[in-house]
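Keep in mind the model is a prediction, meaning the values are calculated, not measured.
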Number of protein chains: 6
Amino acid sequence: MKLCVINPNTTAEMTAVIETAARSVVRPDAEIIAVTSEVGPSSIESHVDEAMAVPGLLRAISANPDADGYLLACFGDPGLDAARELAVAPVLGIAEAAMHLAAPLGRGFSVVTTLGRTIGRAQDLVSHYGFGRQCLGIHACEIPVLDLETNPDTAEILAKACAEALATDGSDAIVLGCAGMADLAVELSAQIGAPVIDGVAAGVGMLSAMAAMHLTTGTASGEFATPPTKHYRGLPPELDPR
Amino acid sequence: MKLCVINPNTTAEMTAVIETAARSVVRPDAEIIAVTSEVGPSSIESHVDEAMAVPGLLRAISANPDADGYLLACFGDPGLDAARELAVAPVLGIAEAAMHLAAPLGRGFSVVTTLGRTIGRAQDLVSHYGFGRQCLGIHACEIPVLDLETNPDTAEILAKACAEALATDGSDAIVLGCAGMADLAVELSAQIGAPVIDGVAAGVGMLSAMAAMHLTTGTASGEFATPPTKHYRGLPPELDPR
Amino acid sequence: MKLCVINPNTTAEMTAVIETAARSVVRPDAEIIAVTSEVGPSSIESHVDEAMAVPGLLRAISANPDADGYLLACFGDPGLDAARELAVAPVLGIAEAAMHLAAPLGRGFSVVTTLGRTIGRAQDLVSHYGFGRQCLGIHACEIPVLDLETNPDTAEILAKACAEALATDGSDAIVLGCAGMADLAVELSAQIGAPVIDGVAAGVGMLSAMAAMHLTTGTASGEFATPPTKHYRGLPPELDPR
Amino acid sequence: MKLCVINPNTTAEMTAVIETAARSVVRPDAEIIAVTSEVGPSSIESHVDEAMAVPGLLRAISANPDADGYLLACFGDPGLDAARELAVAPVLGIAEAAMHLAAPLGRGFSVVTTLGRTIGRAQDLVSHYGFGRQCLGIHACEIPVLDLETNPDTAEILAKACAEALATDGSDAIVLGCAGMADLAVELSAQIGAPVIDGVAAGVGMLSAMAAMHLTTGTASGEFATPPTKHYRGLPPELDPR
Amino acid sequence: MKLCVINPNTTAEMTAVIETAARSVVRPDAEIIAVTSEVGPSSIESHVDEAMAVPGLLRAISANPDADGYLLACFGDPGLDAARELAVAPVLGIAEAAMHLAAPLGRGFSVVTTLGRTIGRAQDLVSHYGFGRQCLGIHACEIPVLDLETNPDTAEILAKACAEALATDGSDAIVLGCAGMADLAVELSAQIGAPVIDGVAAGVGMLSAMAAMHLTTGTASGEFATPPTKHYRGLPPELDPR
Amino acid sequence: MKLCVINPNTTAEMTAVIETAARSVVRPDAEIIAVTSEVGPSSIESHVDEAMAVPGLLRAISANPDADGYLLACFGDPGLDAARELAVAPVLGIAEAAMHLAAPLGRGFSVVTTLGRTIGRAQDLVSHYGFGRQCLGIHACEIPVLDLETNPDTAEILAKACAEALATDGSDAIVLGCAGMADLAVELSAQIGAPVIDGVAAGVGMLSAMAAMHLTTGTASGEFATPPTKHYRGLPPELDPR
């Protein structure tokens with residue numbers, strides 16, 4: 001099976017972190033294709049960033065049509081429904097995947113994310129996916145996405161934030177709120193003595209399961225069938241997702 | 001006061017319908033600026049269409065910085081949170097506005113929209129805005145957006161769909177699920193003997209109220225403050241929303 | 001258009017504040033009729049007060065049959081459903097109107113009201129209208145309704161309560177929880193740097209929109225149709241609402 | 001113990017039915033005081049009727065200050081929160097009591113009520129009390145309240161409506177939606193082979209339990225403490241609840 | 001009428017406390033049968049304890065087939081649905097009963113229970129029964145079940161925990177979260193000045209009401225009909241519930 | 001990694017079906033241990049069956065202490081929380097796993113299960129796991145669990161039920177509601193043209209992902225920490241789970 005992990009943040013260094021996290025957990029008989037989106041913001045930290053990342057992300061899906069599953073490696077899960085219309089194989093966002101794996105690991109989980117301004121989006125995803133009972137709190141460490149790798153204190157700050165979240169929320173697990181934290185999950189888990197779920201690994205795992213079961217996105221209701229053809233006014237050809 | 005109505009469907013004929021509907025209800029001391037987005041699909045009927053309409057829509061907001069309110073004239077309310085980050089004045093989507101005005105008019109309302117594949121998006125908006133109790137059903141008439149004006153049977157088909165929705169759902173009011181139906185609200189209401197709410201008129205009315213009260217989008221929580229500056233890889237300058 | 005604002009608190013001085021607030025935001029082509037209820041408590045600060053205010057309020061509606069909209073100027077929205085049965089034109093409560101205008105102005109709003117004992121009623125309204133996600137907290141300043149105008153520290157106490165509510169709740173906007181605060185919204189907004197929504201102005205704005213759209217309360221489900229005629233035992237004729 | 005059952009429908013014949021139902025289930029060591037409200041509509045079938053019934057109902061509570069529990073015998077539970085402020089002993093509405101006893105008797109219950117226009121109020125009570133999962137449907141038999149006793153087909157029509165409700169909703173129990181049906185519960189239960197819950201009997205049972213446990217309405221949060229004294233403008237002294 | 005109170009904690013001393021509490025509130029014409037389960041853990045303080053208590057509890061029901069109601073005297077309400085399949089008469093859990101009687105006594109209640117590890121189970125019951133709005137907090141006093149009677153400070157520790165819960169949660173009533181606290185409800189109520197609800201007394205009261213009304217568990221949907229006969233592999237005959 | 005699949009139905013033939021389904025999707029580097037519970041009902045079709053299956057199921061977990069994950073192969077997910085207390089590695093139920101994999105495959109899914117009397121339990125699981133929005137209907141084919149393998153029409157009856165569920169509910173995917181249907185998922189999916197999710201395969205996939213990520217059940221809140229030691233009265237030693 002072939003799984004395509006798309007980084008809608010257009011920063012190749014971040015894709016490398018994501019790819020390593022994906023490869024570290026994947027089935028031995030599966031292939032990981034890690035793709036950096038060619039159009040959009042260098043990092044995604046606002047609703048505008050999310051919106052502007054989607055055309056590039058959709059084009060990356062169209063450019064990799066034969067995968068058995070697609071993972072969108074941004075915790076805001078931007079463009080998820082649109083991606084499901086374009087792809088035949090299942091598509092997951094990393095927030096979605098992380099929450100699905102975290103929910104069965106205890107009474108509830110806390111999310112620890114980057115900037116406080118993204119908490120609202122995470123709340124909306126929690127509600128949409130149905131984890132309102134299990135998500136007991138969303139906390140920001142206030143490290144910008146692209147500083148996660150370069151800030152020497154990232155691991156320490158995150159460990160502190162995770163431990164505080166467990167105590168404050170009375171939660172049993174931590175969900176990491178950014179693809180750029182993917183390399184820290186195992187270390188953080190050891191430090192705080194609680195499961196720490198990275199959405200990249202979670203997504204690769206769920207997509208592997210779906211692919212092994214030969215599952216695809218359902219189209220019976222029509223919502224996720226191939227979208228009607230449209231004239232796109234003013235759109236540069238290199239942005240057309242189809 | 002100056003209200004900016006943006007049609008993210010890039011079809012000028014549709015903008016004309018929207019503009020007329022807006023002008024027919026606006027305060028005598030208010031000005032309507034109707035704008036057709038310059039980039040994006042000719043009509044919005046899928047998640048992909050919505051996603052691809054947002055960059056053009058955001059650019060239209062940036063190009064009209066001094067309005068006292070912005071109305072996004074597509075029933076999927078695409079790009080709403082992103083638009084709120086870019087604008088100082090309030091921003092409404094027409095689905096949002098229509099539901100806010102419909103809710104106090106009875107026990108519940110039904111939505112009558114274009115294609116069945118858009119019902120899921122409408123359900124998500126209903127949940128997000130909090131109208132799960134009041135929205136008693138969402139129905140499709142299966143007329144594509146751009147056929148609304150040209151299909152000679154549009155009014156009749158819609159009247160039938162609205163009347164059936166009232167009876168099936170036990171509702172007291174109808175919300176029209178497309179900006180392209182804006183010119184039909186008054187006529188439909190007379191035919192079915194129930195209030196019919198067009199989101200364009202509703203949005204203009206709510207924005208007028210907000211402008212008269214000198215209200216702006218709040219930024220205290222940080223979510224809707226000006227977004228951080230970003231490098232946009234591969235984005236043609238004419239699509240940059242800032 | 002003619003909008004009727006009814007103060008169910010039977011205190012004329014308070015009606016004057018409400019009328020001024022209403023006039024300050026109304027469309028130039030609209031007329032405001034401000035009415036003080038002739039029967040009921042001087043101020044409404046308990047469930048008993050609300051209940052005892054309703055007969056007078058309903059009678060005020062019957063006495064003003066030709067308005068294009070009715071606003072009930074008490075934050076408990078007493079008698080709202082009954083008023084909708086009696087009137088043909090739309091009826092709004094000020095809590096309802098304020099929340100509908102506050103919801104689209106950010107992630108969430110806080111309510112700042114008078115006495116703590118009224119918080120429960122406000123919670124019930126929040127749930128009923130569907131704003132459970134958006135209303136992030138309800139706070140009392142513990143100033144009785146009729147002291148709002150005479151207490152020299154009202155503005156200062158309220159500004160402090162509003163600022164604390166924003167910080168505690170992580171909200172983006174403030175809803176004022178009493179018609180007697182209507183004159184303070186603009187000043188408070190400037191002080192705290194966030195939108196402050198007064199329900200009187202909000203209600204006038206929403207009713208103006210509804211009137212411009214020729215909307216009335218829907219009666220298709222039967223709930224808000226004219227109620228069956230009844231014999232009223234022991235009721236003084238001046239209290240009969242019909 | 002002494003339990004006060006108040007009929008806010010001002011029709012003495014209906015109070016007789018209610019009193020008989022109450023006496024048939026009460027503890028042998030308890031006394032039932034059945035009171036017909038002296039002010040208000042002859043029967044309650046609209047929001048206006050409910051609102052106009054409350055002053056008389058509150059006065060009946062004040063006139064019977066030494067009961068160990070109060071039951072409001074109208075399925076709309078009008079004036080319940082206000083009554084709780086006035087009384088020290090617990091106060092229940094019959095809709096509330098019926099639902100509390102019906103919920104543990106199976107997967108879910110159906111409500112069978114009088115006129116269809118009252119269904120909305122019943123839905124609001126279901127939500128408010130928390131029985132949204134358990135209440136699987138609300139159905140009207142379209143017999144007006146005061147015809148229940150005189151219509152020779154009442155029992156047959158109700159039995160048919162109850163049986164259909166069980167089948168349509170997949171429910172395990174029936175809640176009768178009017179105090180005027182109190183005498184029919186046992187007979188209906190035998191006919192349809194399912195538990196049928198009358199709110200008058202349910203309320204007497206729950207109040208008996210509360211009284212035996214020496215429970216009163218709690219006032220710690222302040223909401224149900226004695227309300228502040230007020231000047232009541234224009235209110236005839238015989239309507240003053242205090 | 002005959003009411004059967006089953007203690008699934010297999011500790012006879014605890015059953016004595018429960019029986020006394022039951023008798024202190026029961027109707028003079030009713031008989032209490034208090035039964036200690038013969039198989040299972042000495043006290044129930046974990047999910048494993050609950051699971052292992054159920055076979056004994058079900059057998060106790062089968063061994064007492066002619067009761068008019070059954071009360072399961074453990075606050076986790078273990079085996080409730082299974083018990084309903086086996087019994088014809090109504091079955092209540094003490095958590096369920098306590099919450100049903102507490103809900104109408106104010107804005108909301110707090111639960112004060114034994115060990116913190118049982119809070120999750122109590123949250124699940126709150127959600128399942130529909131008291132998410134009314135239950136404002138669940139607090140642990142960290143006294144193990146079997147120490148409640150022997151710890152000389154139990155009353156004092158509980159009084160403090162109850163008073164703090166009222167203040168922290170803004171609640172109007174306290175629900176005691178363990179059958180072993182049944183003897184303390186009246187004393188605690190006097191100390192904290194708020195209603196304190198013991199589930200044993202509440203359950204006896206609700207079952208009395210149900211029995212007086214001749215109610216049984218409904219079987220129309222089939223869920224609570226007699227279960228299909230099964231071969232039980234490896235089960236000692238003394239554990240077979242049938 | 002080693003995954004332990006426990007069949008709490010004590011029928012070895014059914015375990016064989018489950019084991020085959022598990023092996024067909026598992027990672028090449030993982031081992032499946034399929035265990036038939038030694039104590040309990042031959043099949044699980046009622047609340048009593050579920051309750052009586054749990055001691056044997058817990059004992060099977062204790063007897064296999066070194067697995068990297070445990071799957072409970074009964075769609076009622078009996079004993080799940082208790083199992084989480086006993087095991088260090090993650091524990092999933094097949095209903096839980098199937099719903100987590102079905103949710104991202106479209107707008108919503110339908111469940112097709114065996115007997116109608118189990119629908120209530122499935123509804124409770126849907127609510128508890130948070131899939132109230134996504135689960136659009138639960139349908140019974142009325143084939144008893146142990147007849148699934150022997151009834152020659154099983155595949156045909158199920159295909160018809162699945163197709164009808166898709167159409168009636170407007171869903172995009174089917175969740176199979178019994179471990180005994182595990183061998184039919186791929187065939188059914190081909191027949192109805194929609195994804196069909198078997199919980200055994202889904203559970204193996206999710207546990208594989210969790211194991212690869214080195215995740216365990218979290219114990220920070222205390223709820224799922226090792227339970228306190230207890231004296232078990234009357235319990236045969238072969239049923240003691242510890």
Side-chain angles (χ1 to χ4, degrees), chain D residues 24-30 80 84 90-93 96-97 100-109 128-134 166-167 170-174 185-186 189 192-198 201-202 204-206 208-210 212-224, chain E residues 24-30 80 84 90-93 96-97 100-109 128-134 166-167 170-174 185-186 189 192-198 201-202 204-206 208-210 212-224:
Chain D
S24 72
V25 297
V26 77
R27 288 167 65 118
D29 56 347
L80 187 53
R84 285 183 177 141
V91 185
L92 293 175
E96 181 183 43
H100 279 286
L101 281 207
L105 293 177
R107 170 60 41 186
F109 58 81
H128 185 63
Y129 299 140
F131 297 116
R133 176 178 71 79
Q134 294 101 328
L166 283 180
S171 55
D172 284 322
I174 296 290
V186 172
S189 178
I192 65 169
V196 174
I197 296 95
D198 156 48
V204 164
M206 286 185 71
S208 300
M210 290 170 169
M213 294 164 73
H214 304 291
L215 294 171
T216 58
T217 297
T219 59
S221 76
E223 180 173 354
F224 297 106
Chain E
S24 72
V25 296
V26 78
R27 287 167 66 119
D29 56 348
L80 187 52
R84 284 183 178 141
V91 186
L92 294 175
E96 181 183 43
H100 279 286
L101 281 207
L105 293 177
R107 170 58 42 186
F109 58 81
H128 185 63
Y129 299 140
F131 297 116
R133 176 178 70 79
Q134 294 100 328
L166 283 180
S171 55
D172 283 323
I174 296 289
V186 172
S189 178
I192 65 170
V196 174
I197 295 95
D198 155 48
V204 164
M206 285 184 72
S208 300
M210 290 170 169
M213 294 164 73
H214 304 292
L215 295 172
T216 58
T217 297
T219 58
S221 77
E223 180 173 354
F224 297 107

- Query: Side-chain contact, heavy-atom cut-off 4.5 Å: D:T217 with E:D172?
  - Reply: no
Here the pair of heavy atoms bringing E:P195 nearest to D:T216 is CG-O, 3.4 Å
Cut-off 4.5 Å, heavy atoms of chain E, and the answer for D:R107 is both
By salt bridge (charged side-chain N to carboxylate O under 4.0 Å, His left out), D:R27 pairs with (sequence neighbours left out) D:D29
If you tally heavy-atom pairs under 4.5 Å between each of E:M210, E:E96, E:H214 and chain D, the highest tally belongs to E:M210
So, the part of D:L92 with a heavy atom under 4.5 Å from chain E: the answer is side chain
dist D:L80:CG -> D:H128:NE2 (nearest 0.5 Å) comes out at 7.5 Å
Scored by heavy-atom pairs under 4.5 Å with chain E, the best of D:A209, D:G106, D:G222, D:S221 is D:S221
Looking only at D:A194, D:A167, D:A201, D:A102, most heavy-atom pairs under 4.5 Å shared with chain E are made by D:A201
For E:F224, the ring pair (Phe, Tyr, Trp, His ring centres under 6.0 Å) test, sequence neighbours excluded, returns F:H47
When the 4.5 angstrom heavy-atom criterion is applied to D:A202 and chain E, the contacting part is both
So, the part of D:A173 with a heavy atom under 4.5 Å from chain E: the answer is neither
With chain E, the option among D:A212, D:A185, D:P104 that has the most non-hydrogen atom pairs under 4.5 Å is D:P104
Smallest heavy-atom separation, E:H100 atom then E:F131 atom, equals ND1-CZ, 3.5 Å
From the list E:T219, E:D198, E:L215, E:V204, the residue making the most non-hydrogen contacts under 4.5 Å with chain D is E:L215
Most heavy-atom pairs under 4.5 Å with chain D, out of E:G218, E:G205, E:G193, belong to E:G218
In terms of heavy-atom contacts, E:R84 and E:V91 come closest through NH2-O, 2.9 Å
The interface call for D:S171 against chain E, heavy-atom contacts under 4.5 Å, is backbone
